[in-house]
Amino acid sequence: MRIVLLGAPGAGKGTQGRALAEQFGVPHVSSGELLRAEMAADSDVGRQVRESIARGELVPDDLVLSVVGRAVNDAMQTGGYILDGFPRTLEQAKRAFELAEPAGIDADYAIYLAVPDDVVRERLARRAEGRVDDGDPAVVQRRLDLFHAETEPLLEFYRDRGILREVDASGTPEAVRENVLAALR
Ligand code: AP5
Ligand code: MG
């Protein structure tokens, strides 16, 4: 099973991605988690991305690819994957498709976890982990704005390929999970 998860910040990509990965026995590749691991390790890349992430800006494509490229590639070679947070620009989607399609390992489904901005704001304000990009409402708003501007155009990209499934992601995690599984049937 090869799935790309799309959705606003706080839509539940991580929550649903972990569960789907476990259910289907495929790797869950979260670009955000990989970038935060670089930050935690205080690596060169980690230092370069820290400011963008703290301000809610997107990390430049080349830097993202230097971090997630290998994980995505490794996951693709296993034959299955749940991608969470990548691709999130049209440029990233096109590059990923150009790499995966010739090998027959492009996504089977793009699941769009649809959730209103207000629900996102509540969820992120409540999150316990204390992420550097959750505390400031202006940063959360910037993440939302970038989602609408840069990531929403991907819906069209995947719709054109015939693999987009839109799911109501505003309910409980269990309800969202049911909606996702129904969309895959
Ligand atoms: P990333 O880590 O991908 O963050 P995000 O997209 O902003 O999304 P979140 O991780 O906040 O939310 P989620 O959808 O995973 O939801 P979750 O399950 O955690 O990216 C962070 C940053 O890294 C970006 O801003 C950018 O700077 C950079 N970056 C990453 N990828 C990049 C790329 N490809 N290109 C460029 N830059 C990139 O849920 C959120 C909270 O809500 C949790 O507390 C959870 O417990 C709770 N929750 C989940 N589902 C429900 C539910 N159904 N009901 C109630 N609560 C729920
Ligand atoms: Mg996440």
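All ligand and atom numbering here is 1-based and tracks the order in the structure.
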K.L.:
Quick check for you: to the nearest 0.5 Å, what is the distance between D134 atom CG and R127 atom CZ?
P.N.:
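Rounded to the nearest 0.5 Å, the CG-CZ separation comes out at 4.0 Å.
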K.L.:
Pick, from Q92, R143, R88, the option with the minimum heavy-atom distance to atom 20 (O) of ligand 1.
P.N.:
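When every heavy atom of Q92, R143, R88 is considered, R88 comes closest to atom 20 (O) of ligand 1.
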K.L.:
Does ligand 1 have an atom that lies less than 4.0 angstrom from a heavy atom of P87?
P.N.:
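No, that is not the case, since the closest heavy atom of the residue is not under 4.0 Å from the ligand.
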K.L.:
Pairing donors with acceptors under 3.5 angstrom, does anything connect the side chains of R18 and Q23?
P.N.:
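No, no side-chain donor-acceptor contact under 3.5 Å.
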K.L.:
Give yes or no for whether the N/O distance cutoff of 3.5 Å, strictly under, is met between V64 and ligand 1.
P.N.:
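Checking ligand 1 against V64, no N or O pair falls under 3.5 Å apart.
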K.L.:
Distance from L5 atom CG to R88 atom CZ, nearest 0.5 Å?
P.N.:
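Answer for the CG-CZ pair, L5 versus R88, is 11.5 Å.
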K.L.:
Heavy-atom contact check, 4.0 Å cutoff: does R36 meet ligand 1?
P.N.:
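In this structure, R36 qualifies as a contact of ligand 1 - some heavy atom is under 4.0 Å.
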K.L.:
When rounded to the nearest 0.5 angstrom, what distance separates CZ in F86 from CG in L34?
P.N.:
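Going from the CZ atom of F86 to the CG atom of L34 covers 11.0 Å.
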K.L.:
Which part of A8 is near ligand 1, with near meaning a heavy atom under 4.0 Å away: side chain, backbone, both or neither?
P.N.:
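Looking at A8 and ligand 1, just backbone atoms fall under 4.0 Å.
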K.L.:
Could you say whether the N/O atoms of K13 and ligand 1 ever approach to under 3.5 Å?
P.N.:
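For ligand 1, there is an N or O atom that lies under 3.5 Å from one belonging to K13.
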K.L.:
To the nearest 0.1 Å, how far is atom 4 (O) of ligand 1 from its closest protein heavy atom, and which atom is that?
P.N.:
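Ranking protein heavy atoms by distance from atom 4 (O) of ligand 1, first comes R131 NH2, 3.1 Å.
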K.L.:
Any chance the side chains of D145 and Q141 put a donor and an acceptor closer than 3.5 Å?
P.N.:
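The criterion, which ignores hydrogens and geometry beyond distance, is satisfied for Q141 and D145.
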K.L.:
N/O of E57 under 3.5 Å from N/O of ligand 1, yes or no?
P.N.:
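In this structure, E57 places an N or O atom under 3.5 Å from an N or O of ligand 1.
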K.L.:
Which of the listed options, R55, E33, R123, R142, holds the heavy atom that is closest to atom 57 (C) of ligand 1?
P.N.:
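Result: the heavy atom closest to atom 57 (C) of ligand 1 is in R123.
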K.L.:
Any N/O of D84 closer than 3.5 Å to an N/O of ligand 1?
P.N.:
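Such a contact does not occur with ligand 1.
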K.L.:
Would you call E156 and R159 a salt bridge, using N to O less than 4.0 angstrom?
P.N.:
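Answer for the salt bridge query: yes.
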K.L.:
Determine whether any heavy atom of G7 lies closer than 4.0 Å to an atom of ligand 1.
P.N.:
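Heavy atoms of G7 never come under 4.0 Å of ligand 1.
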K.L.:
Is there a nitrogen or oxygen of L124 sitting under 3.5 Å from a nitrogen or oxygen of ligand 1?
P.N.:
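No.
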K.L.:
Any nitrogen or oxygen of F86, side chain or backbone, less than 3.5 Å from one on ligand 1?
P.N.:
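Such a contact does not occur with ligand 1.
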K.L.:
Using modelled atom types and a 3.5 Å cut-off, is there a donor and acceptor pairing between side-chain atoms of D108 and backbone atoms of R2?
P.N.:
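Pair found, side chain donor or acceptor close to backbone of R2.
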K.L.:
Would you mind checking which non-hydrogen protein atom is closest to atom 43 (C) of ligand 1, with the distance to 0.1 Å?
P.N.:
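Of every protein heavy atom, R127 CD, 3.9 Å lies nearest to atom 43 (C) of ligand 1.
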K.L.:
So, is P9 polar-close to ligand 1, with some N/O to N/O distance under 3.5 Å?
P.N.:
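No, no N or O pair falls under 3.5 Å.
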K.L.:
Does the N or O separation between S52 and ligand 1 drop below 3.5 Å for any pair?
P.N.:
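No; every N/O pair is 3.5 Å or more apart.
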K.L.:
Where do L65 and R70 land on the side chain to side chain contact (heavy atoms under 4.5 Å, CB included) test, with the steps shown first?
P.N.:
CA-CA 8 Å; L65 282 164; R70 170 185 283 256; over 6 Å; no
K.L.:
I want to know if ligand 1 touches L58 in the polar sense, i.e. an N/O pair below 3.5 angstrom.
P.N.:
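It does not: no N or O of L58 is found under 3.5 Å from an N or O of ligand 1.
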K.L.:
Look only at interatomic distance and state if G12 has a nitrogen or oxygen under 3.5 Å from any nitrogen or oxygen of ligand 1.
P.N.:
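It does: an N or O of G12 is found under 3.5 Å from an N or O of ligand 1.
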K.L.:
Check L35 against ligand 1 and report side chain, backbone, both or neither, counting heavy atoms closer than 4.0 Å.
P.N.:
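The part of L35 near ligand 1 is the side chain, not the backbone.
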K.L.:
Is a donor from one side chain sitting under 3.5 angstrom from an acceptor on the other, for T89 and E150?
P.N.:
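There is no such pair between these side chains.
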